[in-house]
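This report refers to the structure that appears directly beneath it.
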Amino acid sequence: MPVQAVAIVVYEGVQALDVAGPMDVFSEANTFLGSADRYETVLVAADRNPLRASNGIRLMADLTFEEAAGGFDIILVAGAPTPPEAEPEPHLLQWVTELPWRSSIYGSICTGAFVLGYAGLLDDRRVTTHWQDAQALAARFPKAKVEPDLIYVRDGRLITAAGVTAGIDLGLALVGQRHGAETALKVAKRLVVVAQRQGGQSQFSPYLTAPADPESPIARIQDHVMARIGDRHTLESLAAVVGMSPRNLARHFVQVTGTTPHDFIERARVDAARMMLEASDRPLKAVAFDCGFGSADRMRIVFSTRLGVTPVQYRASFRRAESE
């Protein structure tokens, strides 16, 4: 197979790991590939002036947008810690708009998806970004089919990754697709990461957000549930807490939170269980009982459905150090 030309788009304030993660994957892959089958990665920016990444590292582009007029096999737009509040500068936007004609595979890491969105490349496509920014991406580009829980998404020639370290997952996926799972596994071992993560971004994101008005009936119900997470809660019992009819409560709850009371309770139980699993060695049966699941089997089913991992797998990944 021929050499793979890779370009990563950078700019002032870019997240350094969004850049370094994929670059290290491709660089490590080269150690297992022949010289005629290697990856050649360059950084592309508006000019060659040094730019500062969000963590303070200075970067310098190999090519300007004008110089990078030829085609590439892969082009990825790196992200920044926060999404852009407005359209990117014109030279960047124009160059990104032409990605489908400049490359065989194109995509983004983290909030780089917003740049693709401004370039009109997300319409009617399945995409992802950092869990914290997925809702904003969907709101700003309503034609995009945002998948907030996936580590990376491949939709035809478009590939997008979640936040920061997910750029490594994206790079491993591309290496695996071209050179096979065995090569991707070898690269993952060199980088001391897993070749394919279990579960999705929900493992890292909090399920619950505080209501806008902490004195509202919905906030009172949420506080009531969290304070008695192990109890049995019904629509009727929750309605009684705030003096509403069950029917009115159900309608009002969905209007305010976008979810049903039942869904909120299950999410609250998951968050409570996650904290117990991270902070203690308590048996799964005890955690399940205290969090209102009733049984360890029921907790396992809910975890698998909502997080993509079992409680045992979650604890193994997120167990806090004893010193914490």
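Note that the structure is predicted; figures quoted are calculated from it, not measured.
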Answer yes or no: does atom CD of Glu66 have more than 12 heavy-atom neighbours from other residues, nucleotides or ligands under 6.0 Å? no

Gap between atom CD of Gln222 and atom CZ of Arg267 - 0.5 Å precision: 11.0 Å

Distance (rounded to the nearest 0.5 Å) between Leu121 CG and Glu98 CD: 10.5 Å

Hey, does the side chain of Arg190 reach the backbone of Val192 with a donor-acceptor pair shorter than 3.5 angstrom? no

Tell me whether Thr128 contacts the main-chain N or O of Glu147 through its side chain, where contact means a donor paired with an acceptor under 3.5 Å. yes

Taking the side chain as C-beta and beyond, is there a heavy-atom pair between Pro261 and Ile221 under 4.5 Å? no

Go through Arg220 and His224 one step at a time and tell me if the side chain to side chain donor-acceptor pair (under 3.5 Å) criterion holds. CA-CA 6 Å; Arg220 288 161 54 196; His224 175 83; over 6 Å; no

Tell me whether Val10 is reachable from Leu17 by hopping between hydrophobic residues (I, L, V, M, F, W, Y) whose side-chain heavy atoms are closer than 4.5 Å. no

Determine the sole option in Thr310, Val309, Leu277 for which the side chain to side chain contact (heavy atoms under 4.5 Å, CB included) test with Arg315 is passed. Leu277

Note: Asp155 and Arg125 closest approach over all heavy atoms is O-NH2, 2.6 Å

Value rounded to 0.5 Å, distance of CD in Gln15 from OG in Ser54: 4.5 Å

OH (Tyr11) and CG (Asp47) are apart, to the nearest 0.5 Å, by 15.0 Å

What distance separates Arg38 CZ from Leu33 CG, expressed to the nearest 0.5 Å? 10.5 Å

How about Asp263 and Thr260: does a side-chain donor come under 3.5 Å of a side-chain acceptor? no

Is it true that a side-chain atom of Thr31 and a backbone atom of Glu28 form a donor plus acceptor pair closer than 3.5 Å? yes

Hey, is the main chain of Ile218 close enough, under 3.5 Å, to the side chain of His252 for a donor-acceptor pair? no

